[in-house]
Amino acid sequence: MNMLVSTAATAAALPVDSPSIAAGPPDIDPIFAAIEKHRVAMDALKRANAEQERVLRLADEMVGRHELSVLDMREPSNPPGWHPFVDAACSYDIENFVPRAKHPELHDHYQAALKERMTARAKFVEEMAGDIDALVNVPGVKEFDAAEELVSTSPTTVSGMLALLTYVGSSREEGHSDDGVSPTFDEENLTVLVETLAHAAKRMTARAS
């Protein structure tokens with residue numbers, strides 16, 4: 001992010017009163033349309049994520065949680081002979097907590113219970129929302145594409161450059177919120193963003209000289 005800060009400082013230092021690089025109406029600069037496209041895609045992804053979580057919470061209430069509560073039969077136990085309950089989310093967890101070689105009946109009981117639970121949940125979720133993964137994956141791809149387009153779009157005005165920096169910076173901060181959805185501004189495309197901003201700054205400076 002230090003490179004972004006340096007680029008922002010460069011943008012702020014540009015002579016915005018020069019006619020050749022004046023801010024101008026936002027609709028002239030393509031970056032504003034790219035920002036809005038990503039904003040729309042991000043909103044759609046957040047709605048899809050919220051719907052997915054709603055369906056999964058409902059499945060927890062109506063069918064049972066994805067995890068199965070099992071006895072941790074590993075040794076040594078503390079105190080001796082006492083085994084706590086732990087959550088098992090898959091067959092591997094059950095084998096780890098309740099090895100079949102030592103506890104075959106209990107192991108098989110838990111494996112059957114987990115399979116029954118997962119089958120019931122899958123049926124419930126499909127009836128409620130269809131493909132629960134596609135519910136988020138489809139808008140997720142659109143957000144990814146919009147983010148890629150955004151960081152590759154070169155601002156043509158100082159106001160556009162500052163708007164891009166502000167939008168990306170605030171989006172990354174909001175990505176740490178509790179909704180579990182983060183924009184695709186990662187190390188790879190932030191590098192592209194820095195290159196895009198650097199080229200834009202050079203063009204503006206050249207026009208101003």
Side-chain angles (χ1 to χ4, degrees), residues 1-12 23-61 65-67 89-90 118 121-201 203-204:
M1 289 298 292
N2 289 337
M3 297 179 69
L4 287 176
V5 173
S6 298
T7 308
T10 301
D27 57 351
I28 294 178
D29 192 331
I31 197 61
F32 291 97
I35 290 174
E36 182 60 22
K37 181 177 181 179
H38 183 266
R39 194 195 316 276
V40 171
M42 194 66 197
D43 288 344
L45 178 57
K46 288 181 178 180
R47 290 194 299 271
N49 183 74
E51 175 62 13
Q52 184 187 64
E53 291 185 348
R54 185 190 72 83
V55 172
L56 293 178
R57 285 196 302 269
L58 193 57
D60 289 345
E61 297 173 5
R65 296 186 308 121
H66 176 73
E67 298 84 1
C90 60
M118 293 179 69
R121 280 181 61 89
K123 180 180 179 181
F124 178 86
V125 168
E126 184 176 4
E127 291 175 350
M128 289 291 298
D131 188 341
I132 192 69
D133 292 326
L135 188 65
V136 170
N137 289 345
V138 172
V141 170
K142 292 183 179 180
E143 185 278 326
F144 178 86
D145 291 341
E148 291 286 292
E149 179 180 336
L150 177 60
V151 299
S152 302
T153 300
S154 183
T156 58
T157 63
V158 173
S159 60
M161 180 179 286
L162 294 177
L164 175 57
L165 285 165
T166 300
Y167 177 75
V168 172
S170 62
S171 296
R172 281 171 59 83
E173 291 178 1
E174 292 174 1
H176 297 290
S177 62
D178 295 332
D179 59 13
V181 182
S182 299
T184 313
F185 295 134
D186 53 20
E187 181 177 352
E188 182 174 346
N189 63 16
L190 284 180
T191 299
V192 176
L193 173 62
V194 171
E195 294 173 352
T196 298
L197 291 169
H199 290 318
R203 286 196 302 272
M204 294 180 192

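Just the heavy atoms: all of them, side chains too, but no hydrogens, waters or symmetry mates, feed the values below.
Among all heavy-atom pairs drawn from Met128 and Leu58, the shortest one is CE-CD2, 3.4 Å. Pairing each heavy atom of Ser171 with each of Phe185, the nearest pair is CB-CE1, 3.7 Å. Across His66 and Ala89, no two heavy atoms sit closer than the pair NE2-O, 3.3 Å. Among all heavy-atom pairs drawn from Phe32 and Ala163, the shortest one is CE2-CB, 3.8 Å. Across all non-hydrogen atoms, the minimal contact from Ser154 to Asp29 is O-OD1, 4.3 Å. Of all heavy-atom pairs between Leu135 and Ala48, the closest is O-CB, 3.2 Å.
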Subject >> Candidate pair Val136 and Glu51, rule side-chain contact (heavy atoms from CB on, under 4.5 Å), full reasoning >> reply: CA-CA 9 Å; Val136 170; Glu51 175 62 13; over 6 Å; no
**OP:** Please assess Val125 against Leu56 for the test side-chain contact (heavy atoms from CB on, under 4.5 Å), listing each intermediate value before the final yes or no.
**Re:** CA-CA 7 Å; Val125 168; Leu56 293 178; 4.2 Å; yes
Subject >> Criterion side-chain contact (heavy atoms from CB on, under 4.5 Å) on Leu197 and Leu193, from CA distance to verdict >> reply: CA-CA 6 Å; Leu197 291 169; Leu193 173 62; 3.9 Å; yes
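Among Leu165, Leu162, Leu164, the one residue that satisfies the side chain to side chain contact (heavy atoms under 4.5 Å, CB included) test with Pro155 is Leu164. A side chain to side chain donor-acceptor pair (under 3.5 Å) with His38 is found for exactly one of Glu148, Glu143, Lys142, Glu149, namely Glu143.
Residues Ile132 and Glu126 form no side-chain contact, since every pair of their non-hydrogen atoms from C-beta on lies 4.5 Å or further apart.
No more than 12 heavy-atom neighbours from other residues, nucleotides or ligands sit within 6.0 angstrom of CZ on Phe144.
Note that the OG1 atom of Thr156 and the CE atom of Met161 stand 9.5 Å from one another [nearest 0.5 Å]. Atom CE of Met42 and atom OG of Ser182 lie 6.5 Å apart (nearest 0.5 Å). Within the model, atoms CG of Asn137 and CG of Leu45 stand 10.0 Å from one another, a figure rounded to the nearest 0.5 Å.
A donor-acceptor pair under 3.5 Å is absent between the side-chain atoms of Asp43 and the main chain of Lys46, judged by distance alone. Side-chain atoms of Thr153 do not come within 3.5 Å of backbone N or O of Ile31 as any donor-acceptor pair. Asn49 places no side-chain N or O within 3.5 Å of a backbone atom of Val181 that could act as its donor or acceptor partner.
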